[in-house]
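Quick note: residue numbers are just sequence positions, from 1.
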Amino acid sequence: MAVGADPVATAVAVVEMACEGRFAEIEDLFAPPLRAVVSAETLRVAWGPRG
């Protein structure tokens, strides 16, 4: 995926990765300042089922 080339394609790819549980790959796409505060585990918990 060419990150940044097409924001819609990037968003769709990120949602697909989240649906597949590929949170570490999403984290790898983050800019360093965001990566420092939002981990793959944080993404997993946030994406998880709501009670």
Side-chain angles (χ1 to χ4, degrees):
M1 168 182 69
V3 176
D6 177 2
V8 173
T10 300
V12 169
V14 167
V15 170
E16 288 173 350
M17 285 188 271
C19 287
E20 295 167 0
R22 297 164 43 201
F23 301 106
E25 292 177 55
I26 297 170
E27 181 185 8
D28 290 342
L29 298 175
F30 291 165
L34 182 58
R35 197 177 310 131
V37 295
V38 180
S39 68
E41 177 63 12
T42 300
L43 293 171
R44 185 192 65 74
V45 169
W47 190 261
R50 302 283 185 243

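For W47 against C19, the heavy-atom pair with the smallest separation is CZ2-SG, 3.8 Å.
Cluster membership check: M17 shares its hydrophobic cluster with L34, using side-chain heavy-atom separations under 4.5 Å among Ile, Leu, Val, Met, Phe, Trp and Tyr. V15 and V38 fall within the same hydrophobic cluster, defined by Ile, Leu, Val, Met, Phe, Trp and Tyr side-chain heavy atoms under 4.5 Å apart, directly or through other members.
For E25, the side chain to side chain donor-acceptor pair (under 3.5 Å) partners two or more places apart in sequence, or in a different chain, are R22. In terms of the salt bridge (charged side-chain N to carboxylate O under 4.0 Å, His left out) criterion, residue partners of E41 (sequence neighbours excluded) are, by chain and number, R44.
Checked by atom type and distance alone, the side chain of T10 pairs as donor or acceptor with a backbone atom of D6 at under 3.5 Å.
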Would you be so kind as to tabulate the donor-acceptor pairs closer than 3.5 Å made by side chains of residues 26-33, with sequence neighbours excluded?
| residue | atom | partner | partner atom | Å |
| --- | --- | --- | --- | --- |
| E27 | OE1 | A40 | N | 3.1 |

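S39 places none of its side-chain heavy atoms less than 4.5 Å from the side chain of L43.
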